[in-house]
Amino acid sequence: MTDIDRNHPSAGRALAWTLLVLCTVGNLALSLYGGALVLHIALGVATVVCVAALVFTYLRRTR
């Protein structure tokens, strides 16, 4: 892998960051306006999956 490939953001990383921000904002809105526990859990799980995907791609790129 060249330096150009490592520094170029992938579509998967951009999607993971976008979903992470949307899940965080969604969870905040549910907390402020009162939401069902099931929605909090679903957004929490999605957040954890996004973070895991970002960590995985970071570790793969740095090795």
Side-chain angles (χ1 to χ4, degrees):
M1 194 182 285
T2 64
D3 287 336
I4 294 171
D5 293 337
R6 289 183 183 181
N7 293 332
H8 190 272
S10 68
R13 282 181 52 215
L15 179 64
W17 274 110
T18 302
L19 287 175
L20 178 64
V21 170
L22 288 175
C23 289
T24 304
V25 170
N27 222 343
L28 176 67
L30 285 174
S31 294
L32 290 175
Y33 299 115
L37 180 61
V38 174
L39 294 175
H40 279 286
I41 292 171
L43 288 174
V45 169
T47 301
V48 169
V49 169
C50 290
V51 169
L54 289 168
V55 168
F56 177 74
T57 56
Y58 172 77
L59 290 175
R60 192 179 68 192
R61 284 183 336 122
T62 57
R63 291 183 181 192

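Below, all heavy atoms of this structure are taken into account, side chains as well, without hydrogens, waters or symmetry copies.
Leu28 and Tyr33 fall within the same hydrophobic cluster, defined by Ile, Leu, Val, Met, Phe, Trp and Tyr side-chain heavy atoms under 4.5 Å apart, directly or through other members. Val48 and Val45 fall into different hydrophobic clusters, defined by Ile, Leu, Val, Met, Phe, Trp and Tyr side-chain heavy atoms under 4.5 Å apart, directly or through other members. Hydrophobic clustering places Val51 together with Trp17 (ILVMFWY residues linked when any side-chain heavy atoms are closer than 4.5 Å, directly or through intermediates).
Minimum interatomic distance between Arg13 and Leu54 (heavy atoms only, all atoms of both residues): O-CD2, 4.0 Å. Nearest approach of Thr24 to Leu20, heavy atoms of both residues: OG1-O, 2.7 Å. Closest approach of Gly26 and Leu43 over heavy atoms only: C-CD1, 3.6 Å.
Atom OG of Ser31 and atom CG of Leu39 lie 11.0 Å apart (nearest 0.5 Å). Expressed to the nearest 0.5 Å, how far CG of Leu30 lies from CG of Leu37 amounts to 10.5 Å.
Residues Leu19 and Leu15 are in side-chain contact: their nearest non-hydrogen atoms beyond the backbone lie under 4.5 Å apart.
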